[in-house]
Amino acid sequence: QVQLVESGGGSVQAGGSLRLSCAASGRTFGSYAMGWFRQAPGEEREFVAAISRSGGSTYYADSVKGRFTISRDNAQNTAFLQMNSLKPEDTALYYCAATPLRGYSDSAGAYNYWGPGTQVAVSS
């Protein structure tokens, strides 16, 4: 089992940047592919980005491709989401999630473990 805690959210103006972190407990972090999802008020939870166990493969939603970068440091048990060129439509509660699946997935149902989320607000 792994416990996840996100940090790094906040309020920023459009065009700004934030870096989210996801700290994982346990010594098996490298056994999990990681994903970032987000949920805006009144909306469904949506996929943002995913990274494989080793970090060698990444996958992005079209809406964030070229602006967001997912990465991980298995030695530090931490995953990251660097968000640049932020837009008001990026405003949401951001969650990190872990799955034991090989590769990665853009489906929330594939992820077994979730953090409580960190809020991101982008003003125009």
Side-chain angles (χ1 to χ4, degrees):
Q1 189 169 355
V2 61
Q3 293 182 323
L4 306 172
V5 179
E6 304 91 341
S7 62
S11 297
V12 63
Q13 289 191 324
S17 298
L18 286 172
R19 188 191 197 205
L20 306 184
S21 298
C22 173
S25 64
R27 293 177 290 181
T28 60
F29 180 67
S31 300
Y32 295 91
M34 299 298 296
W36 286 94
F37 291 76
R38 65 187 183 187
Q39 188 168 18
E43 302 289 333
E44 297 286 324
R45 188 171 299 190
E46 67 170 351
F47 170 76
V48 175
I51 189 167
S52 60
R53 297 173 180 182
S54 68
S57 297
T58 56
Y59 181 57
Y60 297 92
D62 287 343
S63 59
V64 307
K65 201 172 294 183
R67 299 188 297 122
F68 290 11
T69 302
I70 188 171
S71 61
R72 67 188 296 160
D73 184 338
N74 286 349
Q76 297 295 323
N77 283 8
T78 305
F80 304 96
L81 184 68
Q82 178 67 45
M83 306 187 295
N84 298 330
S85 301
L86 283 161
K87 304 176 181 179
E89 51 262 44
D90 295 318
T91 295
L93 187 61
Y94 282 71
Y95 300 91
C96 69
T99 175
L101 293 178
R102 289 188 178 275
Y104 42 74
S105 174
D106 61 1
S107 171
Y111 291 82
N112 303 76
Y113 305 105
W114 293 81
T118 186
Q119 183 68 44
V120 171
V122 185
S123 58
S124 57

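Note that the structure is a prediction, hence the values are computed from the model and not measured.
- Heavy-atom minimum distance, A50 versus S105: CB-O, 3.8 Å.
- Legend: disulfide bond (SG atoms under 2.5 Å apart) pairs involving residues 86-124, not counting sequence neighbours, sorted by first then second residue: C22-C96.
- For the side chain to side chain donor-acceptor pair (under 3.5 Å) test, no residue two or more places apart in sequence or in another chain qualifies with Y95.
- Taking a 6.0 Å sphere around CD of Q119, one finds it holds more than 12 heavy atoms contributed by other residues, nucleotides or ligands.
- Put simply, the side chain of T99 never gets that close to the backbone of Y111: no donor and acceptor are under 3.5 Å apart.
- With sequence neighbours excluded, the residues satisfying side-chain contact (heavy atoms from CB on, under 4.5 Å) with S57 are S52, Y104.
- Under a 4.5 Å side-chain heavy-atom criterion applied to ILVMFWY residues, the cluster that includes V48 comprises V2, L4, V12, L18, L20, F29, Y32, M34, W36, I51, Y60, V64, F68, I70, L81, M83, L86, Y94, Y113, V120, V122 as well.
- Going from atom OG of S25 over to atom CD of Q1 covers 7.5 Å, rounded to the nearest 0.5 Å.
- Nearest heavy atoms, P88 versus S123: CG-C, 4.4 Å.
- The shortest heavy-atom contact between A110 and L101 is CB-CD1, 3.7 Å.
- Residue pairs meeting the disulfide bond (SG atoms under 2.5 Å apart) criterion with at least one partner in residues 47-92, sequence neighbours excluded, do not occur; the list is empty.
- Residues passing the side chain to side chain donor-acceptor pair (under 3.5 Å) test with Q82 are N84, sequence neighbours excluded.
- Among residue pairs with one or both ends in residues 105-120, none qualify as salt bridge (Lys or Arg N to Asp or Glu O under 4.0 Å); sequence neighbours excluded.
- Grouped with F80 in a hydrophobic cluster is no other residue, since no side-chain heavy-atom contact under 4.5 Å to another Ile, Leu, Val, Met, Phe, Trp or Tyr is found.
- Judged as a salt bridge (Lys or Arg N to Asp or Glu O under 4.0 Å), the pairs with a partner in residues 43-55 (not counting sequence neighbours) are, in order, R38-E46.
- Residue pairs meeting the disulfide bond (SG atoms under 2.5 Å apart) criterion with at least one member in residues 36-70, sequence neighbours excluded, do not occur.
- Annotation: side chain to side chain donor-acceptor pair (under 3.5 Å) contacts of R67 (sequence neighbours excluded): D90.
- Within the structure, every pair that satisfies the side chain to side chain donor-acceptor pair (under 3.5 Å) test and touches residues 68-78, not counting sequence neighbours, is listed here: R72-N74.
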